[in-house]
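Residues take their numbers from the sequence shown, with the count starting at 1.
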Amino acid sequence: MSVFSVLMLVLVASTNAEVPSSSGHFSSRSSNDSIRLPRGSLRNIRSAIETSQRISSSLPSLPPSLSSSSSITVPNTFSQSTAFRRRGGAVTTNMEASSGQTKPIRVCFQGEAGAYSEKSLRELLGPNVISVPRPNFESCYRAVANKECDYTLVPVENSLGGSIHENYDLMLRYDLKVVAEHDFRVRHCLLTKPGLDKSKIKYAISHPQALAQCDNYLRANGITPKPTYDTAGSAKMILASMNGEAFGKMLPEGCTPDNTAAIASDLAGETFGMDCKEQGIEDDDSNFTRFLLLGREGVVQYLNNKIPAKTSLVFTLPNVPGALFRSLACFSMRDIDFSKIESRPMSAALLNYLRFRNTITQMEAGQTSSAYGKDLPRFRYCFYLDILESELTVSCQNALHHLRERSEFCRVLGSYPASSRLVGPVRDAVNALDSANIGKKPSTDLRLASLPSDKEGDRQLNIGFVGYHSFGQYLSRQMSSQHKLRCIDPMDKSKDAEKNNVEYFPNFEMSKFLQGLDVVVITVPMTELEETMETLPLEKLRNKLVVEMSPLKVYPRTVLTNTLPADTDILCMNPMTTAELELDGVPIVYEKVRISDSLRADCFLSIFERARSQMVEMSAEDHDTYVANAEFVTHLTGRLLDRDLLPVTPVRSKEYSALCNVAEMTANDQFDMFYGMFKYNDQAKVMLNTMRENLARVERKIAAKEAYLSASAEMKNTDRQKLIAECRLLLREMARSETDSMKETPTLKRDVPSGTSSTKKKD
């Protein structure tokens, strides 16, 4: 094939893909439509030309009978007879299958093999993807986040049973995007062991919800329901009991393969080799479950105006009247329709975030610290909303901007095609698999029983500590029960290492120390970090995980990324604890700076997760802005509180106990660590000056208060003396006036009776 032929084929493949018409049917583009090459088409053209030239140069010359002047008939690879029509109108051609080796697609689901989730997966993605059963929903999310699986298909709501709230909560916890949806019609089947007569069935085992949905059928046939943990798992129990396996002993009391049927999907019957006695035994034929396909990357950029789309989002609102009405008006005023709205109690992580935001808002408003976070109600809810429009339309963009102005938190979970359509990389990968398997019999064995991470929990890591001070010794005590540990330090730490079951290496055996290590943990003070990194043989650190532990993150991250080779994984952590406390409940702030082996990194992080630590993933910038500054103030306060300032007392208040804990915590820390928090934190000097100013302000307030009280006392004393003097003067005046009045009072005369006269006696 000539270069021109390859170029034409690629152009035809790029421009003649079928697109949906306004009526919902699929047809080719009209001749009036302008040709728009999809993203990456020019790169594909160049690749095809180079491949054609390389192949042509390696082939022998053509015989004269097949010269360039001869006509060669090229088959129409785009005819409908050779195309494989996918759900949602996607078309696969033979040329796509022959372009190279197809990449397998791993899609995980919750449940046993043959579960309804797997049947829904097959309906949406076809028979050629690899299904991976997982024990629970979170393991599905984790498998995709860790790149062990490409996608996960999870149920979010059932037309009879309602919403599956766990998956809504997990969508907030994991940063996955919705790339497709599928409405699955649930059809229950009655499954028995091969050859069993239907009249001998006495019991039916299945999930309680499935049994409830078939209650009328079971009553009519005199079958007693027995609940179990899973629908497909019930069929697996019967098969295991037939084979004498231990799992078969989980059958409910009285149930045997000879008198028991399982209610599950027809796929479960095929998977476990059971007979399907009857299909569609559910009481209500309107039993549908809505599934969402989640991946690491979204597909919003592959949507256009001709593809019906949905957008799922979650948001929270302030506790004010009419908040929900006004938020929904952001969409209704722009003629954007909803298909679902539901409220859910918000998770603890989201609630803590809102408390943090509320505290910042109140601080900026100048409120007192006692009011921080007080106006948050006890019960807080978030709202999940599905709108019938793509996120990238102008009206939706304006509505989302409007909503973010009114809400405290808003996150788009994904914008995706509606009605079980596939677009973008999902469609291309599925179509490539289908094209590569045209003419082949579909296999029901495309399953993975387990993932590599299933064994990671029991994996024994070889961990080495560079620097074995008190904090390194503390960490080694937490890890020595499960992992192999070694340490290296300029000082002789052999005795300390032996106590903690750790192998000690002196500094001159650095190469031997690094040999065979999976994880290298650096626990030296930040002031020694650059010098320590210069002494390490960088070639020996290739393909290893280097974990740096310090109370700051930006500076250590910069040193490690500038020093270590590109193929060395980097993990920055800050265990916010001391060497005297356990890890239970302790916040562990971490950032995956550069991770290629996610299983190894997750295995190391699981050490702290199993210890029930509070794992918080945060960027280095946010850590140093919020966490590091608070830690510096805490350590500074603890160092200012001398033990003599905190005497032992038989009665302690909560505040005094908190101060004692801070002083005790910082007393055991090395000063080098505190100095590193000061030296490499730009805000440390500002906070130290602020602390000094605050102390001076307190002293000034104390001096002012003392001066006021002294002046007030002096004034009171002067006024008292004046009052006493005035009282004395007043008393003297009163006494003098009383004496004078007594002297001036005349002698009283006797009264003479009327009608008589007094005469003097004459001599």
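Interatomic distance, CG of L294 versus CG of L153, reported as 8.0 Å (0.5 Å rounding). Rounding to the nearest 0.5 Å places SG of C214 at 8.5 Å from CG of L190. Atom-to-atom distance recorded for E112:CD and S117:OG is 12.0 Å, nearest 0.5 angstrom. In this structure, F383 CZ and M346 CE are separated by 8.5 Å, a value rounded to the nearest 0.5 Å. Of the inter-residue distances, the one linking M237 atom CE with I205 atom CD1 reads 6.0 Å to the nearest 0.5 angstrom. Expressed to the nearest 0.5 Å, how far CG of L191 lies from CG of L239 amounts to 11.5 Å.
Classified by interplanar angle (parallel below 30°, tilted 30° to 60°, perpendicular above 60°), the ring pair F608/F604 is perpendicular.
Minimum heavy-atom separation, L251 to T256: CD1-CA, 4.4 Å. Contact between P257 and L196 at its shortest, heavy atoms only, is O-CD2, 3.7 Å. Smallest separation of non-hydrogen atoms from V589 and M618: CG1-CB, 3.9 Å. The shortest non-hydrogen separation linking C108 to C140 is SG-O, 3.5 Å. The two atoms that bring P425 and Y302 nearest to each other are CD-CE1, 3.3 Å, heavy atoms only. Summarising the geometry of A180 relative to R421, their closest heavy-atom pair is CB-O, 3.8 Å, with the distance given to 0.1 Å.
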Task: Test side chain to side chain contact (heavy atoms under 4.5 Å, CB included) applied to K544 and V519, step by step - done: CA-CA 6 Å; K544 298 184 187 300; V519 182; over 6 Å; no
Open item on the list: Evaluate L605 against Y590 for side chain to side chain contact (heavy atoms under 4.5 Å, CB included), listing each step before the verdict.
Closed with: CA-CA 9 Å; L605 291 174; Y590 68 95; 3.9 Å; yes
- [ ] Using the side chain to side chain contact (heavy atoms under 4.5 Å, CB included) rule, take Y384 and H165 through it: C-alpha gap first, then chi angles, then the decisive distance, then the call.
- [x] CA-CA 11 Å; Y384 290 86; H165 296 136; over 6 Å; no
Open item on the list: Applying side chain to side chain donor-acceptor pair (under 3.5 Å) to D569 and S596, what does each step give before you reach the verdict?
Closed with: CA-CA 6 Å; D569 291 355; S596 59; 2.8 Å; yes
Task: Test side chain to side chain contact (heavy atoms under 4.5 Å, CB included) applied to L218 and I281, step by step - done: CA-CA 9 Å; L218 296 178; I281 64 173; 5.5 Å; no
TODO: Starting from the C-alpha separation in whole Å, work towards a yes-or-no answer on salt bridge (Lys or Arg N to Asp or Glu O under 4.0 Å) for R290 and E181.
DONE: CA-CA 7 Å; R290 180 173 176 240; E181 68 167 357; 2.9 Å; yes
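Under the 3.5 Å distance criterion, the side-chain polar atoms of Y416 are left unmatched by any main-chain donor or acceptor of V423. With hydrogens and angles ignored, the 3.5 Å screen pairs no side-chain donor or acceptor of D284 with any backbone N or O of N287. Between the side chain of N259 and the backbone N or O of G254, at least one donor-acceptor pair lies under 3.5 Å. The closest donor-acceptor contact from the side chain of N167 to the backbone of P155 lies under 3.5 Å. A donor-acceptor pair under 3.5 Å links the side-chain atoms of T316 to the main chain of F409, judged by distance alone. Judged purely by atom type and a 3.5 angstrom limit, Y203 has no side-chain atom pairing as donor or acceptor with the backbone of K226. Under a 3.5 Å cut-off, the side chain of S131 and the backbone N or O of A113 do not form any donor-acceptor pair. Formation of a donor-acceptor pair under 3.5 Å by the H483 side chain with backbone atoms of L461 is found in this model. Listed for the N304 side chain is a donor-acceptor partner under 3.5 Å among the backbone atoms of K306. Checked by atom type and distance alone, the side chain of D266 never pairs as donor or acceptor with a backbone atom of Q279 at under 3.5 Å.
A salt bridge links D258 and K193; the closest N-O separation between the charged side-chain nitrogens and carboxylate oxygens is under 4.0 Å. Salt bridge present: E282 and R185 bring a charged side-chain N and a carboxylate O closer than 4.0 Å. Of the charged side-chain nitrogens involved, at least one lies within less than 4.0 Å of a carboxylate oxygen, so that R344 and D169 count as a salt-bridged pair. At a threshold of 4.0 Å, the pair D175-R411 counts as salt-bridged, since one of the basic side-chain nitrogens sits closer than that to a carboxylate oxygen. A salt bridge is absent between R600 and D518: the closest approach of a Lys/Arg side-chain nitrogen to an acidic carboxylate oxygen does not fall below 4.0 angstrom. Residues D428 and K103 are not paired through a salt bridge, judged by the lack of any N-O separation under 4.0 Å between the basic side chain and the carboxylate.
Counting heavy atoms from C-beta outward, V154 and Q110 have side chains that stay 4.5 Å or more apart. Using a 4.5 Å cut-off on side-chain heavy atoms (C-beta onward), M573 and I588 make contact. A 4.5 Å side-chain heavy-atom check between L433 and V129 finds at least one atom pair inside the cut-off. Side-chain contact between L303 and P417 is present, with at least one heavy-atom pair separated by less than 4.5 Å. Taking 4.5 Å as the limit, some side-chain heavy atom of L176 sits within range of a side-chain heavy atom of R296. Side-chain contact check for Y151 versus V426: some heavy-atom pair is nearer than 4.5 Å. Contact of the S265 side chain with the T231 side chain is not registered, since no non-hydrogen atoms from C-beta on lie closer than 4.5 Å. Under the 4.5 Å side-chain criterion, counting only non-hydrogen atoms from C-beta, M171 is in contact with V156.
Shown are L422, I105, D434; of these, the side chain to side chain contact (heavy atoms under 4.5 Å, CB included) with L125 is made only by L422.
Environment of NZ in K202: sparse, with no more than 12 heavy atoms of neighbouring residues, nucleotides or ligands closer than 6.0 Å. Enclosure of atom NZ in K147 is not indicated, since only 12 or fewer non-hydrogen atoms of other residues, nucleotides or ligands lie within 6.0 angstrom. The environment of NZ in K198 is crowded: more than 12 heavy-atom neighbours from other residues, nucleotides or ligands sit within 6.0 Å. Under a cut-off of 6.0 angstrom, the local environment of CD in E278 is crowded, with over 12 non-hydrogen atoms contributed by other residues, nucleotides or ligands.
Judged by a 6.0 Å distance limit and a 45° cone about the ring axis, K236 is positioned over the six-membered ring of F247.
Partners of R142 under the side chain to side chain contact (heavy atoms under 4.5 Å, CB included) rule, at least two apart in sequence or in another chain, are E138, N146, Y174, E609.
At a cut-off of 3.5 Å, with distance as the only test, no side-chain donor of R134 or T152 sits close to an acceptor on the other residue.
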